[in-house]
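Notes follow once the structure below has been shown.
Computed over heavy atoms, backbone and side chain alike; hydrogens, waters and symmetry mates excluded. Residue numbers start at 1 and run along the sequence shown.
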Amino acid sequence: MEETFLFNQTSFVTHFHLRGLSEDQNVQMSAFALFLIFYVLTLIGNILIVITIIFDHRLHTPMYFFLSNLSFIDVCHSTVTVPKMLVDTWSVEKLIPFGACVTQMFFLHLFACTEIFLLTVMAYDRYVAICKPLQYMTVMNWKVCVLLAVALWSGGTIHSIALTSLTIKLPYCGPDEIDNFFCDVPQVIKLACTDTHIIEILIVSNSGLISVVCFVVLVVSYAVILVSLRQRISSGRRKALSTCAAHLTVVTLFLGHCIFIYSRPSTSLPEDKVVSVFFTAVTPLLNPIIYTLRNEDMKNALNKLMGKKEGKEEK
């Protein structure tokens, strides 16, 4: 009888309250300025990478095809959470409608999971390019690249639908405060008026397992690549090491958050918000910096693109 009553009360929870990064107004204003800069730079950097790859035919290779996908995901991933956080710094209540919360969770996990799969595919691409260079264009032809892109986007969609479905089926009838600046599955299910132990196990076995397995696969892939590079000439080795170092940096920053958040029960830790900031705002900004500053081809293509624009302006 009590469970039926609680279930019938779910309609009263129409909004959630987000605590945000801090309750201190000065901290919130500083955060607004900082993350506004981060977000604008994220948009400019990643969109510029996509445009450069599209217009420079020398970058029409599998590696840069996947890099353009990564930049697109980073723009979308950051847009899911950062604009709402910026608006909330000027709000006292920091409300988010239940439907908007569900939508935010869906797209957050869609882009996050797709990026995990994409980083794994990019590691495989580098493995083939470095360890089997003569077979590279045969193995990583455009048909394979498109199929891999469809597969990783489909995998991210299925993963997101599964987690979101588990979350919205729970009854929400009382607590409505989320201790973060965006909606995420672990924080939301804690507000449910029922035992969520099984759901938490499913989340760990889903998101946590995906993160850990992909991270292990990535580390093993790059270990094999590094062993292979020991027998290469110095110039080729430097270029390959630079590319691998960039990939490993992105992988560590991104998957580190996923393992930290989703490989444990839904308990709040003081470090959660800091890790979430890196996950949603900092990593999408670092990706274009890492891939351009450590990549001569991208730097040359950017200079060529800027040169074309300057030339058109002079004319």
Side-chain angles (χ1 to χ4, degrees), residues 1-24 28 77 80-85 87-113 116 156-212 257-277 279-280:
M1 184 71 181
E2 183 181 353
E3 289 183 359
T4 304
F5 173 76
L6 290 176
F7 186 78
N8 290 333
Q9 298 303 308
T10 57
S11 59
F12 289 105
V13 180
T14 58
H15 294 77
F16 289 116
H17 291 80
L18 299 171
R19 278 194 177 180
L21 290 173
S22 173
E23 295 181 358
D24 188 299
Q28 290 190 58
H77 188 206
V80 170
T81 57
V82 176
K84 171 63 177 171
M85 179 185 69
V87 171
D88 283 345
T89 56
W90 300 95
S91 172
V92 177
E93 293 186 322
K94 297 180 176 58
L95 295 175
I96 182 170
F98 184 86
C101 184
V102 172
T103 303
Q104 191 176 57
M105 286 189 293
F106 172 80
F107 284 107
L108 179 72
H109 282 273
L110 166 63
F111 296 125
C113 188
I116 291 174
T157 302
I158 293 170
H159 162 82
S160 185
I161 290 174
L163 279 191
T164 308
S165 299
L166 289 173
T167 306
I168 62 177
K169 287 181 179 179
L170 296 172
Y172 300 93
C173 56
D176 62 356
E177 188 173 73
I178 297 174
D179 189 19
N180 213 327
F181 57 91
F182 62 92
C183 289
D184 198 4
V185 174
Q187 286 83 27
V188 172
I189 64 171
K190 288 193 299 182
L191 305 178
C193 303
T194 186
D195 182 17
T196 60
H197 182 67
I198 295 177
I199 303 296
E200 291 179 23
I201 293 175
L202 290 174
I203 291 172
V204 172
S205 62
N206 188 329
S207 298
L209 189 61
I210 288 174
S211 303
V212 173
H257 163 272
C258 296
I259 294 172
F260 180 78
I261 297 294
Y262 302 113
S263 298
R264 58 182 171 84
S266 300
T267 54
S268 296
L269 296 177
E271 297 83 5
D272 284 354
K273 289 184 182 180
V274 176
V275 175
S276 294
V277 165
F279 178 61
T280 59

*Apply side chain to side chain contact (heavy atoms under 4.5 Å, CB included) to the pair Arg19 and Ile178, showing each step before the final yes or no.*
CA-CA 6 Å; Arg19 278 194 177 180; Ile178 297 174; over 6 Å; no
Taking every non-hydrogen atom, the tightest pair across [X] and [Y]:
| X | Y | answer |
| --- | --- | --- |
| Asp184 | Met105 | C-SD, 3.8 Å |
| Leu191 | Glu177 | CD2-O, 3.5 Å |
| Cys183 | Leu108 | O-CD2, 3.9 Å |
| Ile96 | Lys84 | CB-CE, 4.1 Å |
| His159 | Ile210 | ND1-CD1, 3.8 Å |

Are [X] and [Y] close enough that some pair of their side-chain heavy atoms sits under 4.5 Å apart?
| X | Y | value |
| --- | --- | --- |
| Asp88 | Leu18 | yes |
| Pro97 | Thr14 | no |
| Glu200 | Pro186 | no |
| Lys94 | Thr89 | no |
| His17 | Leu95 | yes |
| Thr167 | Val102 | no |

_Here's a test for you: under side chain to side chain contact (heavy atoms under 4.5 Å, CB included), which of Leu166, Thr196, Leu163 qualifies with Leu202?_
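Single side chain to side chain contact (heavy atoms under 4.5 Å, CB included) partner of Leu202 among Leu166, Thr196, Leu163: Leu166.
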_Please enumerate all residues that pass ring pair (Phe, Tyr, Trp, His ring centres under 6.0 Å) together with Phe182, with sequence neighbours excluded._
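Counting only residues at least two positions away or on another chain, Phe182 forms no ring pair (Phe, Tyr, Trp, His ring centres under 6.0 Å).
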_For Phe181, ring pair (Phe, Tyr, Trp, His ring centres under 6.0 Å) partners two or more places apart_ =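 Once residues adjacent in sequence are excluded, Phe181 has no partner under the ring pair (Phe, Tyr, Trp, His ring centres under 6.0 Å) criterion.
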*Between Thr164 (side chain) and Ser160 (backbone), is there a donor-acceptor pair under 3.5 Å?*
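Present.
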Using 0.5 Å steps for rounding, measure from the [atom1] atom of [X] to the [atom2] atom of [Y].
| X | Y | atom1 | atom2 | result |
| --- | --- | --- | --- | --- |
| Ile259 | Ser207 | CD1 | OG | 12.0 Å |
| Ser165 | Leu170 | OG | CG | 11.0 Å |
| Cys101 | Asp176 | SG | CG | 11.0 Å |
| Phe111 | Thr157 | CZ | OG1 | 9.0 Å |
| Phe16 | Asn180 | CZ | CG | 13.5 Å |

*Given side chain to side chain contact (heavy atoms under 4.5 Å, CB included), test His109 with Ile161 step by step and report yes or no.*
CA-CA 9 Å; His109 282 273; Ile161 290 174; over 6 Å; no
_With a 6.0 Å cut-off on the ring centroids, do His77 and Phe279 count as close?_
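For His77 and Phe279, the ring centres are under 6.0 Å apart.
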*asked:* Quick check on Phe98: does its CZ atom have over 12 non-hydrogen neighbours (other residues, nucleotides or ligands) under 6.0 Å away?
replied: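 For Phe98, atom CZ is crowded (more than 12 foreign heavy atoms under 6.0 Å).
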*Tell me, please, which residues at least two apart from Cys113 pass disulfide (SG to SG under 2.5 Å).*
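Disulfide (SG to SG under 2.5 Å) list for Cys113, sorted by chain: empty.
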